[in-house]
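Keep in mind that the numbers below use all heavy atoms, side chains included, and drop hydrogens, waters and symmetry copies. These numbers come from a predicted model, not from an experiment.
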Amino acid sequence: MNLRKAAMLGALGLVIAAPAAAADGPDLQPAPQATIVAGAEACLGSTIDPSGQTARFAGWTAATPDQKKGVNVDSDGIVVHRDNVMIAFKTGTDGGCVVMATAATDFDPATFYPQISTVVGARVQPAETPTPITLPDGEIFIPVISPKTSSAAPKIILVFANSASKFAKKGN
């Protein structure tokens, strides 16, 4: 899988850009699968319900400047983290929300995909090329998950964008 291409597709022209490749993102330590799923729960709806941000990100801590290294976010974007999972988001129709993590040893695709499917309300499955999934709430969701190798844990990038954004309307 070409993570560069997938993340660029996933960014949909968002002001918050997903890392162009796993190596381009923040230096994250392995994160538990449950926290990665919690990140998806926090991001769901963030582009269509900006008034819910306080509740949505309760329990997440603002990232320090050092933790933000490697995250491309506009000055009005927000970066939070918890248990080695990082979320970059910007509110509003043309904003977006990106979950970034390196999977810990407990990562199990056989349980992860059904968990994410339940969270977003749509079927999410492994794909060679990440494909945008239209969610029931009107958002677009693009999961980018690199395969586990003998030397590297899977890198996970979950992108949420508003299907009504000016970028999505342009077909980006």
Side-chain angles (χ1 to χ4, degrees), residues 1-92 94-109 112 115-116 119-120 124 130 139-149 151-162 165 167:
M1 172 190 327
N2 180 335
L3 284 179
R4 174 181 270 297
K5 180 180 176 188
M8 287 169 57
L9 279 174
L12 292 171
L14 297 175
V15 178
I16 296 174
D24 294 340
D27 182 21
L28 297 171
Q29 297 301 308
Q33 181 169 317
T35 307
I36 298 167
V37 172
E41 290 173 336
C43 275
L44 180 66
S46 63
T47 71
I48 58 173
D49 177 23
S51 64
Q53 301 303 5
T54 302
R56 180 175 285 111
F57 294 104
W60 293 82
T61 305
T64 66
D66 194 48
Q67 290 169 322
K68 290 181 188 180
K69 287 181 183 172
V71 177
N72 180 15
V73 63
D74 271 2
S75 60
D76 57 345
I78 299 166
V79 180
V80 296
H81 71 95
R82 181 169 89 194
D83 297 336
N84 298 321
V85 173
M86 187 165 287
I87 297 176
F89 69 95
K90 182 177 176 179
T91 61
D94 293 326
C97 193
V98 180
V99 178
M100 296 166 277
T102 297
T105 56
D106 73 339
F107 182 76
D108 177 16
F112 180 74
Q115 289 171 337
I116 291 296
V119 167
V120 301
V124 180
E139 288 183 299
I140 296 170
F141 174 65
I142 304 170
V144 181
I145 297 142
S146 70
K148 180 181 180 179
T149 65
S151 62
K155 303 290 185 193
I156 299 167
I157 302 170
L158 307 175
V159 179
F160 291 81
N162 191 314
S165 79
F167 304 110

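- The shortest distance between side-chain heavy atoms of F141 and V124 falls below 4.5 Å.
- Within the structure, every pair that satisfies the salt bridge (Lys or Arg N to Asp or Glu O under 4.0 Å) test and touches residues 56-67, not counting sequence neighbours, is listed here: D49-R56, D66-K69.
- Contact check for I145 versus F112: side-chain heavy atoms found under the 4.5 Å cut-off.
- Under the salt bridge (Lys or Arg N to Asp or Glu O under 4.0 Å) criterion, D106 pairs with no residue at all, not counting sequence neighbours.
- Residues passing the side chain to side chain contact (heavy atoms under 4.5 Å, CB included) test with A31 are I36, N84, V85, A101, sequence neighbours excluded.
- At a threshold of 4.5 Å between non-hydrogen side-chain atoms, the residues L28 and M86 count as touching.
- With sequence neighbours excluded, the residues forming a side chain to side chain contact (heavy atoms under 4.5 Å, CB included) with I48 are D137, E139, N162, listed by chain and number.
- Among residues two or more places apart in sequence or in another chain, the side chain to side chain contact (heavy atoms under 4.5 Å, CB included) test is passed with P30 by A104.
- Looking at every heavy atom in both residues, C43 comes nearest to V98 through SG-N, 4.1 Å.
- Not one N or O on the side chain of Q115 forms a donor-acceptor pair closer than 3.5 Å with the backbone of V37.
- Between F57 and F89, the gap from one ring centroid to the other is short of 6.0 Å.
- Taking NZ of K68 as the reference point, atom NE2 of H81 lies at 10.5 Å (rounded to 0.5 Å).
- Contact of the T35 side chain with the W60 side chain is registered, since non-hydrogen atoms from C-beta on lie closer than 4.5 Å.
- The backbone N or O of Q29 lies less than 3.5 Å from no partner atom in the side chain of T102, so there is not a single donor-acceptor pair.
- Between A153 and A103, the shortest heavy-atom contact is CB-O, 3.3 Å.
- Sorted pairs that involve residues 32-48 and meet salt bridge (Lys or Arg N to Asp or Glu O under 4.0 Å), not counting sequence neighbours, are lacking altogether.
- For the atom pair CZ of F160 and CG of L44, the computed distance is 5.5 Å after rounding to the nearest 0.5 Å.
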- I would like to know whether Q33 and D108 meet side chain to side chain contact (heavy atoms under 4.5 Å, CB included); could you show each step before the answer? CA-CA 8 Å; Q33 181 169 317; D108 177 16; 4.1 Å; yes

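- Counting only heavy atoms from C-beta outward, the side chains of I156 and V99 never approach each other to under 4.5 Å.
- With contacts defined as side-chain heavy-atom distances shorter than 4.5 Å, the pair V79/I87 does not qualify.
- Interatomic distance, I140 CD1 to T47 OG1, rounded to the nearest 0.5 Å: 8.5 Å.
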